[in-house]
Amino acid sequence: MSKTSIIWFRKGLRLHDNPALLEAARGADHLCPIFILDPWFLKPDKIGVNRIQFLLESLADLDASFRARGSRLLVLRGQPQEVLPRLFKDWGATHLCFESDTEPYAKTRDAAVRQAAEEAGVEVHSPVSHTLYDPELLLSRSGGKPPLTMQSFTKLVTAVGPPPEPAADPPGKLPPLAPKAAKEAARDGGAAVAVPLLADLGYPPAGTTPFKGGETAALARMADYLSDKAWVCAFEKPKGNPAAFVRPATTVLSPYLKFGCLSPRLFHAKLLQIYAEVSGKHTQPPVSLRGQLLWREFFTLCGYAVPNFNRMEGNPLCKQIPWVDDPERLRAWEESQTGYPWIDAIMAQLRQQGWMHHLARHSVACFLTRGDLWCSWEAGQAVFDKYLVDGDWSVNAANWQWLSASAFFSQYFRVYSPITFGKQYDKNGDYIRHFLPVLKDMPAKYIYEPWTAPLSVQQEAGCVVGEHYPEPIVEHQAAMKENMARMKAAYAAAKEGGGAATPAPPSSGSAAAKRARKK
DNA sequence: ACTCTTGTTGTCTCT
DNA sequence: GAGAGACAACAAGAG
């Protein structure tokens with residue numbers, strides 16, 4: 001009996017540590033590597049050009065790797081639930097392999113695809129390789145409820161034991177496409193299944209991020225950062241400099257992990273190797289480099305186990321807080337028009353590069369929500385999701401809840417100052433000068449608070465507040481004080497109500513969701 | 001049931 | 001310039 005496999009890429013855009021690919025290729029006569037451009041993910045108003053560019057670069061790199069092995073990647077369009085059943089039939093597929101994905105949209109999509117495969121007599125394999133651990137395993141080992149602190153999460157993974165070793169590399173030669181697939185690929189000179197251009201998808205011709213997508217870039221970047229073993233062992237996330245932009249203070253491997261250009265298990269194994277090699281001490285989770293992988297793991301587990309994790313309502317973990325919908329404030333924040341240079345520079349870096357340091361994200365997230373503007377964290381989450389090249393559904397939702405003191409973190413009286421926080425790291429304001437050129441000639445003394453500069457100084461710097469750059473959108477001290485009182489009231493109301501949240505509507509029927517809902 | 005400790009990453013003032 | 005305490009005071013998890 002002949003075996004014709006489809007290896008369906010979604011995340012996991014790599015050849016290394018790819019158990020789904022290995023399973024698809026094993027003993028196969030034909031192997032059809034595909035990626036389906038799902039209109040769900042291609043909305044220019046919701047998902048920015050930088051992340052799509054990163055995706056297309058990753059697909060091009062993947063295609064090149066397949067071509068080097070006598071195959072190629074076919075990029076198709078449409079809803080996977082509709083495209084795949086056609087392929088089962090047209091290509092005579094016997095096997096479908098794809099990496100497991102625990103996000104809600106993916107779960108629904110994959111369940112439908114799985115059912116269609118079953119009806120078509122196609123065997124499905126869906127191994128875990130996006131995370132170190134299988135979230136379902138972690139959840140069952142923690143009694144059906146996810147841990148709510150990093151400490152208890154770390155304890156959990158320690159008890160579970162080391163994650164699986166990375167899978168073997170694929171063979172240097174892979175099975176050819178199924179004949180019908182090859183024929184489809186050759187049609188119109190191959191244009192129909194080639195990696196498209198941004199413009200083909202309704203995007204501008206090019207993005208502005210300096211980060212290049214793909215497995216090749218991912219492995220090179222990892223090698224670069226891991227080559228400094230002393231740096232790896234001394235890594236302490238909270239001590240990083242959020243204003244560093246020539247060489248960021250962290251690895252910027254997050255976009256590669258998001259798309260699966262880099263295997264977390266490979267990265268993890270390399271870290272353990274370095275820790276073992278280097279005599280002497282190395283930092284520990286949560287602050288260590290390994291700890292950063294565990295954060296991702298922790299938040300992915302929460303996203304898997306907690307219903308409505310990306311929303312306030314119906315999210316049993318999330319404190320219910322009466323945020324005010326204020327489109328003007330939100331727009332000012334998104335477009336670097338708050339009048340606070342530190343905040344506006346960070347948001348400019350976000351729009352330009354699709355990445356900023358973790359602490360910079362803290363600053364702007366706190367500012368938008370409980371710190372200054374009192375806008376909903378969900379609105380901030382959507383803006384981050386639009387611009388970040390590393391935008392990850394679970395991690396984004398978790399961090400916004402953290403920073404808005406809606407879940408995980410509750411010391412709402414600790415508020416980041418939009419003036420002094422950045423100053424600690426960058427007294428001269430080089431970061432602001434770089435990302436907000438309008439302020440490039442403002443003296444260091446005033447660059448974090450340009451409205452305090454004498455008019456003559458503003459004129460000299462070519463930046464008059466109210467003319468070339470906005471007045472502060474709120475007075476920080478007053479806004480903070482008012483918001484703290486609101487937080488106090490919201491917390492008290494939550495206690496009064498006998499819990500942190502309203503009951504969850506039955507939106508998910510999965511066993512995991514049911515378990516998580518149980519109090 | 002209860003207390004106590006701790007929590008990746010605050011700010012301001014005073015010494 | 002580093003360190004300590006005030007600010008006003010949360011909640012999960014350990015014991």
Side-chain angles (χ1 to χ4, degrees), chain A residues 142-143 145-159 234-244 248-251 254 282-299 302 306 316-321 340 342-343 346 356-367 369-372 395 398-427 448-449 475-501 519:
Chain A
S142 67
K145 280 199 289 187
L148 297 178
T149 65
M150 183 55 172
Q151 213 168 51
S152 48
F153 180 80
T154 304
K155 235 178 204 172
L156 172 65
V157 296
T158 305
F235 184 90
E236 269 185 86
K237 179 78 160 282
K239 293 207 175 144
N241 178 359
T250 54
T251 62
S254 50
H282 58 83
T283 52
Q284 295 289 333
V287 299
S288 65
L289 214 40
R290 174 171 173 260
Q292 305 317 300
L293 277 175
L294 296 188
W295 280 105
R296 173 177 181 269
E297 206 75 9
F298 173 31
F299 289 151
C302 291
V306 179
L317 233 52
C318 184
K319 202 138 278 167
Q320 305 296 301
I321 296 169
Y340 286 95
W342 170 248
I343 299 299
I346 294 168
M356 59 295 203
H357 187 273
H358 191 61
L359 290 176
R361 299 184 196 202
H362 276 214
S363 268
V364 295
C366 182
F367 187 87
T369 57
R370 66 187 167 87
D372 294 82
V395 175
N399 277 311
W400 273 99
Q401 285 171 85
W402 187 297
L403 261 298
S404 62
S406 300
F408 305 111
F409 175 87
S410 43
Q411 286 153 287
Y412 56 76
F413 38 87
R414 291 190 185 170
V415 175
Y416 289 86
S417 163
I419 297 156
T420 57
F421 184 71
K423 217 186 263 184
Q424 297 163 32
Y425 300 95
D426 180 16
K427 210 149 181 275
Y448 285 87
E449 318 166 70
E475 204 272 287
H476 171 63
Q477 290 298 338
M480 176 178 72
K481 217 173 155 200
E482 188 187 343
N483 292 342
M484 256 192 221
R486 287 162 148 170
M487 287 302 284
K488 187 176 176 176
Y491 269 55
K495 229 173 214 172
E496 194 83 357
K519 193 72 209 246

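Residue numbering restarts at 1 for every chain, and letters A, B, ... go by the order of the sequence lines.
You can see that DNA chain B meets the heavy atoms of chain A within a 4.0 Å-exclusive cut from B:dT6 to B:dC12, reading 5' to 3'.
Distance A:F413 CZ to C:dC10 P: 7 Å, rounded to the nearest Å. For the pair A:M484 CE and C:dA6 C1', the interatomic distance rounds to 13 Å; values are reported in whole Å. Across the protein-nucleic acid pair, A:F408 atom CZ and C:dG13 atom P stand 11 Å apart, rounded to whole Å. The OH-P distance, from A:Y412 to C:dC7, rounds to 16 Å in whole Å. In this structure, NZ of A:K481 is placed 8 Å from P of C:dA8, rounded to the nearest angstrom. For the pair A:K495 NZ and C:dA9 P, the interatomic distance rounds to 11 Å; values are reported in whole Å. Regarding A:Q151, its CD atom lies at a distance of 14 Å from the P atom of C:dA12, rounded to whole Å. The separation between A:M480 atom CE and C:dA8 atom P is 10 Å, rounded to whole Å.
The shortest non-hydrogen separation linking A:A249 to A:G240 is CB-CA, 4.0 Å. The two residues A:C302 and A:P146 make their nearest non-hydrogen contact at SG-CB, 4.5 Å.
Interatomic distance, A:F367 CZ to A:N483 CG, rounded to the nearest 0.5 Å: 10.0 Å. Taking CZ of A:R414 as the reference point, atom SG of A:C366 lies at 12.0 Å (rounded to 0.5 Å). One finds the CE atom of A:M150 at 11.5 Å from the CZ atom of A:F408 (value rounded to the nearest 0.5 Å).
The aromatic rings of A:F299 and A:W295 lie tilted to each other, with the angle between the two planes from 30° to 60°. Aromatic ring pairs are classed by plane angle as parallel below 30°, tilted from 30° to 60° and perpendicular above 60°; the pair A:W342 and A:Y448 is tilted.
Comparing the same atom, P, in B:dC14 and in C:dA8 gives a spacing of 15 Å after rounding to whole Å. One C1' atom belongs to B:dA1, the other to C:dG15, and the distance between them is 12 Å to the nearest Å. To the nearest whole angstrom, the two C1' atoms, one in C:dG1 and one in B:dC12, are 15 Å apart. Nucleotides C:dA9 and B:dT6 have their C1' atoms positioned 14 Å apart, rounded to a whole Å.
The side chain of A:T149 approaches C:dG13 more closely than any other nucleotide in the set C:dG13, C:dC10, C:dA11.
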- Message: What does the 5'-to-3' dot-bracket notation of DNA chain B look like when only Watson-Crick and G-U wobble pairs under 3.5 Å count, and pairs to other strands show as |?
- Response: .||||||..||||||
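Note on A:L359: a base of the nucleic acid sits closer than 4.0 angstrom, heavy atoms only. Nucleic acid contact for A:V287: base, since at least one base atom lies under 4.0 Å from a heavy atom of the residue. Within the nucleic acid shown, A:Q424 comes within 4.0 Å of sugar-phosphate atoms alone, with no base atom in reach, counting heavy atoms only. Across all strands shown, A:F409 has no heavy atoms under 4.0 Å from either base or sugar-phosphate atoms.
For the residue pair A:D372/A:H476, the side-chain donor-acceptor check at 3.5 Å is satisfied.
With A:Y412 as the aromatic partner, A:K488 does not meet the cation-pi criteria of under 6.0 angstrom to the ring centre and within 45 degrees of the ring axis.
Of the options A:F409, A:W402, A:Y416, a ring pair (Phe, Tyr, Trp, His ring centres under 6.0 Å) to A:H362 is made by A:Y416 and by none of the others.
A close approach under 4.0 Å does occur between a side-chain nitrogen or oxygen of A:K488 and OP1 or OP2 of C:dA9. Regarding contacts with the backbone of C:dA11, a side-chain N or O of A:K319 is found under 4.0 angstrom from either OP1 or OP2.
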